[in-house]
Number of protein chains: 2
Amino acid sequence: MPLKNTGTEQLIKDTAKRLLFAEGKLHATTQDIADAAGVNRTGLHYYFRSRDQLIAAIFDEAMQELSQRLNECMTADQPFKAKTKHIITVFLRHMVVFPYQETFLVTEMNTLGKKLITNIKSDPVKSYLKEAAAEMEKGNIGKMDPVHFLMNLFSLLSYPLIMAPLYKKLFQVSGKEFNALIEEREGIIMKMLFRK
Amino acid sequence: MPLKNTGTEQLIKDTAKRLLFAEGKLHATTQDIADAAGVNRTGLHYYFRSRDQLIAAIFDEAMQELSQRLNECMTADQPFKAKTKHIITVFLRHMVVFPYQETFLVTEMNTLGKKLITNIKSDPVKSYLKEAAAEMEKGNIGKMDPVHFLMNLFSLLSYPLIMAPLYKKLFQVSGKEFNALIEEREGIIMKMLFRK
DNA sequence: TCTTATTTTAACAATTTTGTCTAACAAAAA
DNA sequence: TTTTTGTTAGACAAAATTGTTAAAATAAGA
């Protein structure tokens, strides 16, 4: 329990998240993080004991945040289509700022194995899947395993932002053009999912 | 120019690619790579001089390979829909084996800045985009900036495989179930793109 | 076989990155 | 003010990672 609470602990975590999730510097060292935060590297050990524990803390928070965002969106009291549109809005807004959060989570899961198992509520997702199935019955969306619908949704949302640097090269798109495209994504995704 | 050519140089590159692209161990050290290849770490320096140059070599090859795969698919002499289906087949097959190749490319671009600029032919992509535009005119696919069509295609293709470990957690899907879903992807993606 | 160029290995050195220890500093409580 | 607790900073140590050197092993050609 910090008594003074100078905000340094939070600053370190926020800075690390900025480097890792926003700038995609997945190899950031403790020195990199300390420098970016404008604190002595020792502070990092004071608060988190080791680099691994800092990473673990960030991993946990990111996982919780993602799961919570997911659950809040999916249990919102709205009809299915509006709810889905809301998911797109919320997740796109987040992806624009932190495009590499999911990449970080996956690569850490790969290197650290299955150690960091934060328990996640899966009920909200399940109920959203049920709603999707119901919509399929009604003929509002194409019939498929609802999990495909969910994967489609998140693919269309996330992938372009994650791969932005690569797309710009491969497809010869400028930063300006790309941003304009992202602006249009919400509409495009809705059309894809609901074949309006 | 190697005279004896014992295949070690290739073995090192292939092993590194396996660790990086297949297993997603993006923090692999030279020792990790040497061990996995069953060679002395010195060999790695003998052939590539430094870790950075090994990474650069792999980056280059991966970029070339991706660009070439892209171009071959896009200049195939086929009608648009069949061509697109072929793209899905080819890229899915590759993603199943090397899900993290694109992630590697992006994170390296982020850390190394814009140093590694391998020149890429963009004409094949451009002509594919033109074909897509023509299909939209014909009403075969929904009207949008053709680049969106391309982003949709690759999003639906790649993202589920990249994020597999995360999906399995968030959506409570077993490995077996997940593989079954991936089997179905090609059909799903075709339906999404061509709203058949 | 002897020579030569290439490849592999072992020992060592340098660098980078992480972790520790101690003391100084700051602020609230006694 | 003194004490106590929590925070920051500097110097140092340890570990991990990368890089170098020189010598041994290997295979091909003269």
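Source: prediction; values computed, not measured. Protein chains get the first letters and strands the later ones, always in sequence-line order, with residue 1 at the start of each.
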(Q) Between P on D:dT17 and NZ on B:K25, what's the gap in Å once rounded to a whole number? (A) 14 Å
(Q) Would you say that A:L92 contacts A:E186 through its side chain, given a criterion of any heavy-atom pair below 4.5 Å between the two side chains? (A) yes
Q: Provide, to the nearest angstrom, the distance between the OH atom belonging to B:Y46 and the P atom belonging to D:dG19.
A: 18 Å
Q. For A:I33 and C:dT17, what is the distance between atoms CD1 and C1' respectively, to the nearest whole Å?
A. 12 Å
Q: Starting from C1' on D:dT17, measure out to CG on B:D35 and report it in whole angstrom.
A: 13 Å
Q: Could you check how far CD1 of A:I12 sits from C1' of D:dT8, rounded to whole Å?
A: 11 Å
Q) Can you tell me how far C1' of C:dT17 sits from NE2 of B:H27, to the nearest Å? A) 14 Å
Q.
Tell me the interatomic distance from A:I55, atom CD1, to C:dT17, atom P, rounded to whole angstroms.
A. 14 Å
Q) What is the ring orientation for B:F104 with B:F59, classed by angle as parallel under 30°, tilted 30 to 60°, or perpendicular over 60°? A) tilted
Q: Tell whether A:T42 reaches the base of D:dG10 with its side chain through a donor-acceptor pair below 3.5 angstrom.
A: yes
**Q.** Separation of atom CD in B:Q53 from atom P in D:dT18, rounded to whole Å
**A.** 14 Å
Q) Pick one: which of B:N110, B:T103, B:T107 meets side chain to side chain donor-acceptor pair (under 3.5 Å) with A:Y100? A) B:N110
Q) What nucleotide among C:dT18, D:dT18, C:dT6 has an atom nearest to a side-chain atom of B:H45? A) D:dT18
(Q) Closest approach to the side chain of A:N40, judged atom by atom: which nucleotide of D:dT7, D:dA9, D:dT18 is it? (A) D:dA9
**Q.** B:Y47, nearest nucleotide to its side chain (from D:dT8, C:dT8, D:dG19)
**A.** C:dT8
Q. Between A:M95 and A:E102, is any pair of side-chain heavy atoms under 4.5 Å apart?
A. yes
Q. Using a cut-off of less than 4.0 Å, is there contact between a side-chain N or O of A:T30 and OP1 or OP2 of C:dG19?
A. no
**Q.** Side chains of A:I189 and A:M192 in contact at under 4.5 Å (non-hydrogen atoms)
**A.** no
Q) Could one point to a donor on the side chain of B:R41 or the base of D:dT18 with an acceptor on the other under 3.5 Å away? A) yes
